[in-house]
Amino acid sequence: MSEAIPVTRTVDHGTAKLMPDVDRERAWLLTVDGAPQSYVDLDDPGHLEFEYARRLGFALDLVDGPGRPVDAVHLGGGALTLPRYLAATRPGSRQHVVEADRALLELVVERLPLPEGSGVTMNAADARAWLEAAPDDSADVMVADVFGGSRVPAHLTSLAYAREAERVLRPGGVYLANLADGAPFAFLRSQLATFAAVFEQLALIAEPGVLRGRRFGNAVLVASHRPFDTAGLARRAAADAFPARVEHGAALRDFTGGARPVRDAEAVASPEPPDGAFGIG
């Protein structure tokens, strides 16, 4: 863009705003209906501003060896922060982005274009419908960062959905999801139980204050069949400017408690965040 001026546009699911960062010359914040969705720095796609995005990045760095190209699926597009990150850190990767809001996708591609040869294919579609049509064993990593407003949609929380994700992933593939909850963690525990019914290995990345129930916040789920480098993940998460813990194994099973996998008929969206939980300014 020639001028760093804010852009406001009505999109399919609300009002999107792109606001320039006064501290970084070609960096932008995307909000939808006032809720922060994405932050991108066009000059430095390796810069992940949001804490949860860095935690997803830490996990992505450990998939299949650093720097190797991967086949990736991103459910939820936003401003394409993580597709840009993967294109920069794993050149040659083939990526599909699935975003239900076509007008939002068009805004982002128009105002914050991807570099030539980024290997990213855009798909304006519902995440679950797209997943159900995707071929078996076709992705090395899947990132689910889908929010309707500030809530994870109910149809992306069920056992049937988790099985579709597992089907599309290769045997060594990794599923990553950005979730949000607060005490007493009914939603988060139900998600852990759901994905534990499908994947053999689970880990959860979150700030200690969130895990102790002191505040509402993000938690990143890591699910796979093969053992994941949780020690490497824990080192990265602990060294961040906003340190986080990695729970796995017995501790994560204890946290899950008696929660049961979610069936489609009983699936609910993640809870509404309390006022100010994800606000800006």
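What's counted below: heavy atoms across the whole structure, side chains too, no hydrogens, waters or symmetry copies. In what follows, residues are counted from 1 in the order of the sequence shown.
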Test item: Arg84 and His47 side chains (from C-beta on) under 4.5 Å apart, heavy atoms: no

Any Pro271 side-chain heavy atom under 4.5 Å of Phe216 side chain: yes

Check: Phe255 main-chain N/O paired with Arg189 side-chain donor or acceptor under 3.5 Å: yes

Under 3.5 Å: donor-acceptor pair, side chain of Asp181, backbone of Leu188: yes

Proximity of His248 and Phe228 rings by center, below 6.0 Å: no

Side-chain (Asn218) to main-chain (Tyr52) donor-acceptor, under 3.5 angstrom: no

Path from Val268 to Val146 over hydrophobic side-chain contacts below 4.5 Å: no

Under 3.5 Å donor-acceptor, Ser38 side chain and Ala79 backbone: yes

Distance (rounded to the nearest 0.5 Å) between Leu156 CG and Phe147 CZ: 10.5 Å

Beyond-backbone contact of Ser118 with Pro83, side-chain heavy atoms, under 4.5 angstrom: no

Verdict with supporting geometry, Val246 and Arg236, side chain to side chain contact (heavy atoms under 4.5 Å, CB included): CA-CA 10 Å; Val246 175; Arg236 286 166 167 79; over 6 Å; no

Parallel, tilted or perpendicular: ring planes of Phe199 versus Tyr175, cut at 30 and 60 degrees: parallel

Check: Arg90 and Pro69 side chains under 4.5 Å, non-hydrogen atoms: no

Over all atoms of both residues, closest heavy-atom pair of Ser190 and Ala259: N-CB, 4.0 Å

Residues His74, Gln95; criterion side chain to side chain donor-acceptor pair (under 3.5 Å); working and verdict: CA-CA 7 Å; His74 302 265; Gln95 304 186 68; 2.6 Å; yes

Heavy-atom closest contact (Ala165 atom, Leu131 atom, distance): N-CD2, 3.8 Å

Hydrophobic cluster membership, Val262 vs Val152, 4.5 Å side-chain cutoff: no

Backbone N/O of Glu164 and side chain of Glu132: donor-acceptor pair under 3.5 Å: no

Enclosure of Glu266 CD (heavy-atom neighbours >12, cutoff 6.0 Å): yes

Residue Arg102 excluded, over 12 heavy atoms near CZ under 6.0 Å: no

Leu56, Asp61, Val40 screened by side chain to side chain contact (heavy atoms under 4.5 Å, CB included) with Tyr85, the one that passes: Asp61

Check: Pro171 and Asp137 side chains under 4.5 Å, non-hydrogen atoms: yes

Non-hydrogen atoms of Ala180 and Ser270 that approach each other most closely: O-CB, 3.9 Å

Pairing of Arg24 and Asp44 as salt bridge, 4.0 angstrom limit: yes

Tyr161/His155 aromatic ring centres below 6.0 Å: no

Side chain to side chain contact (heavy atoms under 4.5 Å, CB included) between Arg128 and Ser158, intermediate numbers included: CA-CA 11 Å; Arg128 181 152 166 188; Ser158 70; 3.2 Å; yes

Euclidean distance, Leu60 CG relative to Thr89 OG1, rounded to 0.5 Å: 7.5 Å

Spatial distance of atom OG (Ser138) from atom CG (Leu169) [nearest 0.5 Å]: 8.0 Å

His96 versus Asn123, side-chain donor and acceptor atoms under 3.5 Å: yes

Ala16 versus Leu107, closest heavy-atom pair with distance: CB-CD2, 3.8 Å

Donor-acceptor under 3.5 Å (Ser224 side chain, Val174 main chain): no

More than 12 heavy atoms of other groups within 6.0 Å of Arg9 CZ: yes

Name of the residue among Arg170, Gln201, Glu166 meeting side chain to side chain donor-acceptor pair (under 3.5 Å) with His225: Glu166

Candidate list Leu82, Asp240, Asp41, test side chain to side chain contact (heavy atoms under 4.5 Å, CB included), partner Leu48, passing option: Leu82

Min side-chain heavy-atom separation Leu233-Ile205 under 4.5 Å: yes

pair Glu247-Leu211: side-chain heavy atoms closer than 4.5 Å: yes

Side chain to side chain contact (heavy atoms under 4.5 Å, CB included) evaluation trace for Leu80 with Leu114: CA-CA 9 Å; Leu80 310 176; Leu114 288 161; 3.9 Å; yes

Verdict with supporting geometry, Asp21 and Leu29, side chain to side chain contact (heavy atoms under 4.5 Å, CB included): CA-CA 7 Å; Asp21 185 339; Leu29 173 70; over 6 Å; no

For Pro208 against Pro243, the heavy-atom pair lying closest together: CD-O, 3.7 Å

Check: Asp136 side chain, Arg167 main-chain N or O, donor-acceptor pair, under 3.5 Å: no

Asp101 backbone acceptor or donor facing Glu99 side chain under 3.5 Å: yes

Arg94, CZ atom: more than 12 neighbouring heavy atoms under 6.0 Å: no

Reported CZ-to-OG1 distance for the pair Arg235 and Thr230, which is rounded to 0.5 angstrom: 9.5 Å

Cluster overlap Val220 with Leu62, hydrophobic side-chain contacts below 4.5 Å: yes

Exercise: identify the closest heavy-atom pair between Ala160 and Asp264: CB-OD2, 3.5 Å

Thr81 (side chain) donor-acceptor with Tyr39 (main chain) under 3.5 angstrom: yes

Interatomic distance, Leu18 atom CG to Thr31 atom OG1 [nearest 0.5 angstrom]: 8.0 Å

Spacing of NZ belonging to Lys17 relative to CD belonging to Gln37, to within rounding of 0.5 Å: 13.5 Å

Close side-chain approach of Leu221 to Leu192, heavy-atom, < 4.5 Å: yes

Any donor-acceptor N/O pair, Asp145 side chain to Gly76 backbone, under 3.5 Å: no

Pair Glu207 + Arg215, salt bridge at N-O below 4.0 Å: yes

